[in-house]
Amino acid sequence: AGLSHVRYRHFLGATALGILPGVVVYVNVGDKLFNWNSSQFYLAIALLIGLTVVSSLGVRTLRTGRPVSFSKRLSTLEKEWFPWRRGRLVPGQPAFFPGCSLVNVLPETARKTISIFERLQCGWLYDCCGKPLQLSGNQPGARRVMDRINGQLKRANVTELVVACPNCYSVFRKGLEVPVKDIYTFLQEHNIPCVPFPEALPIFSPCPDRRSGQIRKAIEDWTGSVLEEARNLPCCGLGIPDAKQARKALDTILLDQRKLSPYCASCHGHLTRHGMKMDSHILTRGLGIREDSSKGIRKGINRMKPWFWW
């Protein structure tokens with residue numbers, strides 16, 4: 001205060017204001033440390049990460065003189081760094097990649113599928129595929145994510161990566177150095193039974209699979225059901241950069257009264273969050289699991305589960 005000619009009351013007030021958030025957050029983490037298997041602990045960790053991000057944004061704003069969109073920067077950092085990533089890769093064996101959306105929206109389905117791979121003495125890897133970074137225009141970040149995953153698979157000599165998410169499937173088929181397979185083909189190849197499905201099933205197809213239909217065909221082979229695509233419906237909107245166009249697509253879908261079955265967790269979570277009544281995710285239903293789509297803060301808690309629990 002003496003060197004900078006700042007009044008003592010201003011100096012003390014600013015100092016207290018600056019250290020108070022950190023003190024509260026760190027004390028809260030310490031208080032919940034011995035109750036780590038609880039939602040309160042996950043929330044404390046999330047607040048700690050949030051404080052770190054807010055501090056970095058503040059420093060960048062002071063250095064550049066330009067404000068940075070908090071939500072955009074936070075989302076980019078989280079997707080690229082993905083602090084929740086975890087895996088148990090088995091050398092020389094396939095590995096399952098659930099994708100962040102399946103874990104967020106349907107964690108029990110993701111966990112059950114992982115348990116199948118563990119029973120088959122195969123591995124699993126939880127990370128972000130990088131597609132959200134591609135959609136936001138952060139191509140360098142997406143490449144870093146792909147390099148990170150390629151490096152992990154190469155070090156463990158993983159023979160193939162099995163994915164549940166159609167978005168992950170389309171991204172990895174272009175960028176991974178190991179073969180990529182959809183989960184339904186893998187389940188059928190290893191004689192994992194599927195609960196009985198109706199002869200015909202109306203579905204909502206995700207954008208990456210609408211043209212090729214590769215995953216849709218694999219689902220038909222595993223379930224024995226004929227999938228009837230709901231035609232004339234647009235993309236769910238998550239992959240549309242323009243906000244107005246994305247909202248228009250969503251409103252068009254919400255007008256449809258059919259109860260459709262999804263096989264993309266991103267579509268499932270997005271549409272049900274906006275009020276659409278959908279049938280169970282096909283993987284959830286096929287494995288005989290009763291699970292509704294998670295919403296709100298529950299999705300954030302689910303996102304951290306593999307890191308703490310699995």
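Atom set for the values below is all heavy atoms of this structure, side chains included, hydrogens, waters and symmetry mates excluded.
- Counting Ile, Leu, Val, Met, Phe, Trp and Tyr side chains that sit under 4.5 Å apart, directly or through other members, Leu254 shares a hydrophobic cluster with Phe204, Leu233, Leu250, Ile253, Leu260, Leu271, Met276, Met278.
- The shortest distance between side-chain heavy atoms of Ile203 and Ile282 falls below 4.5 Å.
- Taking a cutoff of 4.0 Å between a charged side-chain nitrogen and a carboxylate oxygen, Arg216 and Glu229 qualify as a salt bridge.
- How far CG of Asp182 is from CD1 of Ile219: 7.5 Å, rounded to the nearest 0.5 Å.
- Side chain of Glu220 to main chain of Leu227: a donor-acceptor pair is present (N/O by atom type, distance under 3.5 Å, no hydrogens or angles).
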Quiz item: Run the side chain to side chain contact (heavy atoms under 4.5 Å, CB included) check on Cys194 and Leu187 step by step: do they pass?
Solution: CA-CA 9 Å; Cys194 171; Leu187 293 174; over 6 Å; no

Practice problem: I would like to know whether Ile183 and Phe96 meet side chain to side chain contact (heavy atoms under 4.5 Å, CB included); could you show each step before the answer? | Solution: CA-CA 8 Å; Ile183 182 61; Phe96 174 56; 4.0 Å; yes

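- Ring geometry for Phe186 versus Phe117: interplanar angle under 30°, hence parallel rather than tilted (30 to 60°).
- Taken from CZ in Arg143 to CG in Leu133, the straight-line distance is 11.0 Å, to the nearest 0.5 Å.
- The OG1 atom of Thr185 lies 11.5 Å from the NE2 atom of His190; values are rounded to the nearest 0.5 Å.
- Inter-residue side-chain proximity for Val171 and Gln134 is flagged as met; some heavy-atom pair is nearer than 4.5 Å.
- Under the 4.5 Å side-chain heavy-atom criterion for ILVMFWY residues, no single connected hydrophobic cluster contains both Leu153 and Val90.
- In this structure, Ser225 contributes its side chain and Pro198 its backbone to a donor-acceptor pair below 3.5 Å.
- Taking both residues in full, the closest heavy atoms of Cys129 and Met146 are given as O-CE, 4.3 Å, listed atom of the first, atom of the second, then distance.
- When side chains are defined from C-beta on, Asp209 counts as touching Pro206, because their heavy atoms get closer than 4.5 Å.
- With contacts defined as side-chain heavy-atom distances shorter than 4.5 Å, the pair Tyr169/Gln214 qualifies.
- To the nearest 0.5 Å, atoms CG (Asp251) and CG (Leu255) are separated by 7.0 Å.
- Paired with Thr284 under the rule side-chain contact (heavy atoms from CB on, under 4.5 Å), one option of Asp279, Leu102, Leu106 passes, and it is Leu106.
- Taking 4.5 Å as the limit, every side-chain heavy atom of Asn138 sits out of range of all side-chain heavy atoms of Lys79.
- A side-chain donor-acceptor contact under 3.5 Å links Trp222 to the backbone of Ile192.
- A salt bridge is defined here as a Lys NZ or Arg NE, NH1 or NH2 lying under 4.0 Å from an Asp or Glu carboxylate O, and Glu80 with Arg148 fails to meet this definition.
- For the pair Ala110 and Val103, the tightest heavy-atom approach, listed with the atom from each and the gap, is CB-CG2, 4.0 Å.
- Between Val105 and Ala265 the shortest heavy-atom distance is CG2-O, 3.8 Å.
- The closest side-chain heavy-atom distance from His270 to Ser266 is not below 4.5 Å.
- Counting heavy atoms from C-beta on, the side chains of Val163 and Lys181 never come closer than 4.5 Å.
- The hydrophobic cluster containing Val158 also contains Val180, counting ILVMFWY residues as joined when their side-chain heavy atoms lie under 4.5 angstrom apart, directly or transitively.
- Arg303 places none of its side-chain heavy atoms less than 4.5 Å from the side chain of Pro107.
- A distance of 14.0 Å separates SG in Cys168 from CZ in Arg173, rounded to the nearest 0.5 Å.
- A salt bridge between Lys217 and Asp221 is present, with a side-chain N of the basic residue lying under 4.0 Å from a carboxylate O of the acidic one.
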Practice problem: Determine, step by step, whether Asn104 and Ser101 satisfy the side-chain hydrogen bond (donor to acceptor under 3.5 Å, both in side chains) criterion, reporting the C-alpha distance in whole Å, the side-chain angles of both residues, the deciding distance to 0.1 Å, and the verdict. | Solution: CA-CA 5 Å; Asn104 291 353; Ser101 292; 5.3 Å; no

Self-check item: Tyr126 vs Phe82, ring pair (Phe, Tyr, Trp, His ring centres under 6.0 Å): CA-CA, chis, key distance, verdict
Solution: CA-CA 10 Å; Tyr126 175 53; Phe82 207 72; 5.2 Å; yes

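- Other residues, nucleotides and ligands contribute more than 12 heavy atoms inside 6.0 Å of the CG atom of Asp242.
- The minimum heavy-atom distance between Ser294 and Asn302, with the atom names listed, is OG-ND2, 3.0 Å.
- Taking all atoms of both residues into account, the shortest heavy-atom contact from Ser205 to Tyr263 is OG-OH, 3.7 Å.
- The number of heavy-atom neighbours closer than 6.0 Å to NZ of Lys295, taken from other residues, nucleotides and ligands shown, is above 12.
- For Pro94 against Cys122, the heavy-atom pair with the smallest separation is O-CB, 3.4 Å.
- A salt bridge is absent between Glu108 and Arg290: the closest approach of a Lys/Arg side-chain nitrogen to an acidic carboxylate oxygen does not fall below 4.0 angstrom.
- Transitive grouping of hydrophobic side chains (ILVMFWY, heavy atoms separated by less than 4.5 Å) keeps Trp81 and Val145 in distinct clusters.
- Remark: side-chain polar atoms of Asn150 are paired, donor with acceptor, to backbone N or O of Glu177 under 3.5 angstrom.
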Self-check item: Audit row: Leu125, Ile149, side chain to side chain contact (heavy atoms under 4.5 Å, CB included) steps and yes/no
Solution: CA-CA 9 Å; Leu125 179 64; Ile149 295 174; 4.1 Å; yes

Quiz item: Would Lys305 and Arg111 satisfy side chain to side chain contact (heavy atoms under 4.5 Å, CB included), going step by step from the backbone distance to the final call?
Solution: CA-CA 10 Å; Lys305 279 185 177 180; Arg111 186 67 189 98; over 6 Å; no

